[in-house]
Amino acid sequence: MDIEPVRRGASGITIQHRTADIEAASKPWKDDLSASQIARRFGVSPNVIAGIAFRNRALFSSKPRARNCRPHESKRAPRKDKTAMRDRKPDTIIIPPHKFDLERLPFAKRLLELRPGECIWPINDGSPFLFCAAKTAGKYCQHHQSRAVAVHRIAKREK
C-alpha cells in the first residue's frame, strides 16, 4: 500500500489532494492571496497550489490578470507623420543596366531554371526577373563579380 508522505508547513498545516485540503486552500484564494502566499501557509510549492486551482476551477475562481500595472505608461507613443516616411529613400544602390546585361538578355533564365554553376546576377527589373546564367565557378560570372566588388567599394567610400 502506497502512503503519500505528509508535508508540514511552518504553520503546521498540511495539504494533500483531499476534498477538505482543497477547500482549505480555496478560502485564502478567495481572500485574494497569491498561490505563493497560500503555498507558504501549507508548506508546499506554488506549483502545487496552481495545479490544485487548475484542477478544481469550481472552488478556485479565476483572478483577473493585471494587464499593465502602470496605467500612466500604457498610452502609445504618438505616431510620426506618414508623409515623412514617404519622403525617405531606401538605402539600396540601384545599378544601371550594362551593355553586357543587354547582350546576355537572350540567354537569360528565370530563377527556377538556373542550374548550379550559372551566374545569378539579375539583368532586368521587370516581371519575370531574368538572371545572367553565364557559366561560372561561384555565384556570379567574372563580369558581374567585378561589378559587385566595384559597387561595394563605392558604397564604402561614401560612408
Check whether any side-chain heavy atom of I120 sits under 4.5 Å from a side-chain heavy atom of H144, and report yes or no.
no

Rounded to the nearest 0.5 Å, how far does NZ of K27 lie from NZ of K30?
8.5 Å

Restricting to non-hydrogen atoms, name the atom on A25 and the atom on P28 that form the minimum distance, rounded to 0.1 Å.
O-CD, 3.3 Å

When rounded to the nearest 0.5 angstrom, what distance separates CD1 in I49 from CD1 in I22?
10.0 Å

Supply the atom-to-atom distance W29 CH2 to I52 CD1, rounded to the nearest 0.5 angstrom.
10.5 Å

Distance, nearest 0.5 Å, that separates CG of N124 from CZ of F129
7.0 Å

If you round to the nearest 0.5 Å, how far is CG of D101 from NE2 of H143?
5.5 Å

Quick check: is F131 connected to F100 through a chain of hydrophobic side chains (ILVMFWY, heavy atoms under 4.5 Å apart)?
no

Give, for atom OG of S146 and atom OH of Y140, the distance between the pair rounded to the nearest 0.5 Å.
12.5 Å

Only pairs under 3.5 Å count here: list side-chain donor-acceptor contacts from residues 105-119, not counting sequence neighbours, and write none if there are none.
{"unit_1": "K109", "atom_1": "NZ", "unit_2": "E118", "atom_2": "OE1", "d": "3.4"}
{"unit_1": "K109", "atom_1": "NZ", "unit_2": "E118", "atom_2": "OE2", "d": "2.9"}
{"unit_1": "E113", "atom_1": "OE1", "unit_2": "R110", "atom_2": "N", "d": "3.1"}
{"unit_1": "E118", "atom_1": "OE1", "unit_2": "R115", "atom_2": "N", "d": "2.9"}

Please assess W121 against R147 for the test side chain to side chain contact (heavy atoms under 4.5 Å, CB included), listing each intermediate value before the final yes or no.
CA-CA 10 Å; W121 187 274; R147 283 181 65 194; 4.1 Å; yes

Kindly work out whether a path of hydrophobic side-chain contacts (I/L/V/M/F/W/Y, heavy atoms less than 4.5 Å apart) joins F42 to V48.
yes

Tell me, please, whether F60 has R57 positioned over its six-membered ring: NZ or CZ under 6.0 Å from the ring centre and within 45 degrees of its axis?
no

